[in-house]
Amino acid sequence: MSAGEMAMQPQQPADIPAPVEPPPAVAAMPARAAWRRRARWLASTLLTVFITLAGLLLVTFLLGRVLPADPVLRVVGDRAPQELYDRVYREMGLHRPVAQQFALFVGDMVRGNFGKSLVTGNPIAEDILRYFPATFELATLAIVIGVLAGIPLGVLCAQHAGRLPDHLARVASLAGHSVPIFWLGIVGLLVFYANLGWVAGPGRLDVAYRYSVPEVTRLMLVDTLLAGEWEAFGNALSHIVLPATLLGLVALGYVTRMTRSFLLWQLRQDYTTVLRLKGLSESAILWRHALRNAAGPILAVIALTYAYLLEGAVLTETVFAWPGLGMYITDSLFAADIPAVLTATLLVGLIFMLVNIASELIQSALDPRTHRP
């Protein structure tokens with residue numbers, strides 16, 4: 001390089017030091033800190049799950065000890081001799097100390113040994129695997145109906161807050177959430193099944209199709225599709241549409257009201273004022289920004305509603321003779337089948353816990369600030 005070219009190169013002033021690149025270890029510190037926060041949050045979540053599950057097992061065990069029904073009499077009958085009663089009493093482990101009974105109870109639960117139903121004579125795990133898919137199918141379709149209708153209705157209420165559309169939508173959602181579900185079920189059967197004939201009656205499937213569809217997933221809509229039985233699929237859909245719609249109205253009312261509340265809170269924030277000054281319409285602010293920022297709380301509401309439906313809508317399943325978990329719990333309770341009731345109660349608590357954990361994980365993925373320590 002010539003002397004002229006060297007003179008044309010920009011020179012670094014002597015009093016200003018040259019920029020120094022941060023070492024790799026310093027640059028990696030924010031990433032390591034983020035991973036440490038996530039690890040602490042995961043450890044805290046797992047500890048909470050463990051404590052909750054232990055408490056759930058303890059409560060379930062204690063419920064079995066305070067209920068007035070005698071499990072031994074339920075097995076041997078009222079007229080059994082004392083020798084038979086004592087033998088069964090010892091075989092069931094009721095002569096052991098309470099702490100030892102609880103340890104054995106936890107061990108059986110961990111191994112999946114839930115005992116046998118005193119009513120059906122089948123293992124309780126098999127009964128639950130047969131009854132729970134019906135509740136899962138009904139609750140899933142109901143929450144889909146509630147969410148697809150409830151969120152737009154909540155946005156409509158927030159957009160027209162205090163005006164006629166808001167009042168009408170709120171009254172409709174409140175009525176759907178407040179009217180007794182068993183009354184809605186009876187009226188629905190009288191109107192849409194008995195008089196109009198638009199839907200099928202109680203049950204999941206007509207007898208003509210019941211034994212022609214192989215049980216693969218035990219979800220009737222899915223199994224009929226897998227078997228290619230289109231007539232059976234239409235019959236199953238006709239059976240489920242009315243109870244799912246009624247349960248969807250319950251979910252719709254709650255989702256609508258909570259969506260409206262969350263969006264109104266978002267519309268009072270400063271960023272919405274800035275968006276209005278920039279010329280964005282109220283609809284664009286609601287759908288593009290406010291709804292996205294309120295997605296986490298709305299998701300939590302949907303998760304809790306879904307968990308409530310999954311535990312078994314007892315009255316709905318009773319009115320529609322729907323062979324789900326709610327009906328199984330009710331029949332077992334009336335028959336004093338304590339092992340079946342306790343196992344189903346444990347399953348209900350486990351469902352709530354798992355749905356809440358899944359909701360927290362999704363919220364954390366949508367907005368990491370919600371679980372920042």
Side-chain angles (χ1 to χ4, degrees), residues 30-31 33-42 44-45 48 139-174 176-177 247-310 351-373:
W35 279 108
R36 283 198 295 268
R37 286 197 302 267
R38 293 175 184 174
R40 285 197 298 267
W41 178 78
L42 182 60
S44 175
T45 302
T48 303
T140 302
L141 188 57
I143 198 65
V144 169
I145 294 173
V147 170
L148 291 181
I151 291 181
L153 198 58
V155 175
L156 177 67
C157 292
Q159 186 175 1
H160 301 280
R163 289 177 288 191
L164 183 61
D166 180 29
H167 295 316
L168 292 178
R170 290 171 64 188
V171 169
S173 63
L174 186 61
H177 189 68
L247 280 179
L249 289 177
V250 177
L252 181 148
Y254 192 47
V255 171
T256 298
R257 290 187 292 112
M258 299 309 296
T259 301
R260 176 185 180 274
S261 300
F262 294 142
L263 288 179
L264 288 179
W265 186 85
Q266 290 291 332
L267 291 178
R268 291 193 293 267
Q269 303 305 307
D270 294 336
Y271 76 91
T272 58
T273 304
V274 175
L275 293 175
R276 291 188 186 97
L277 293 175
K278 288 183 176 181
L280 267 71
S281 64
E282 201 69 19
S283 298
I285 294 173
L286 276 169
W287 287 101
R288 297 180 190 174
H289 302 278
L291 186 60
R292 183 176 59 186
N293 291 330
I298 293 174
L299 179 65
V301 169
I302 294 173
L304 290 176
T305 307
Y306 187 44
Y308 164 74
L309 296 177
L310 279 177
I351 288 172
F352 264 95
M353 185 174 62
L354 293 178
V355 170
N356 283 329
I357 293 173
S359 172
E360 289 185 2
L361 289 174
I362 297 176
Q363 288 185 66
S364 177
L366 292 175
D367 187 0
R369 296 173 300 175
T370 56
H371 297 288
R372 182 175 295 175

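The shown structure was predicted, so the numbers you read here are calculated from the model rather than taken from an experiment.
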Is [Y] close to [X] at the side-chain level, that is, under 4.5 Å between some pair of heavy atoms?
X      : Y      : value
Ile151 : Ile302 : yes
Ile145 : Leu247 : no
Asn293 : Gln269 : no

Checklist entry - Around Arg276, counting heavy atoms of other residues, nucleotides and ligands shown, do more than 12 lie under 6.0 Å from its CZ? => result yes
Distance (rounded to the nearest 0.5 Å) between [X] [atom1] and [Y] [atom2]:
X      : Y      : atom1 : atom2 : value
Leu267 : Trp265 : CG    : CH2   : 11.0 Å
Leu275 : Arg288 : CG    : CZ    : 10.5 Å
Leu310 : Ile143 : CG    : CD1   : 8.5 Å
Leu168 : His160 : CG    : NE2   : 11.5 Å
Leu252 : Arg257 : CG    : CZ    : 10.5 Å
Leu304 : Leu309 : CG    : CG    : 11.0 Å

Shortest non-hydrogen contact between [X] and [Y], atoms and distance:
X      : Y      : answer
Arg260 : Cys157 : CD-CB, 3.5 Å
Thr259 : Val255 : OG1-O, 2.6 Å
Tyr271 : Ala290 : OH-CA, 3.5 Å
Ala142 : Ala251 : O-CB, 4.5 Å
Pro152 : Trp287 : CA-CH2, 4.1 Å
Gln159 : Ser283 : NE2-OG, 2.8 Å

Item to check | From CA spacing to verdict: side chain to side chain donor-acceptor pair (under 3.5 Å), Gln266, Thr272 | outcome: CA-CA 8 Å; Gln266 290 291 332; Thr272 58; over 6 Å; no
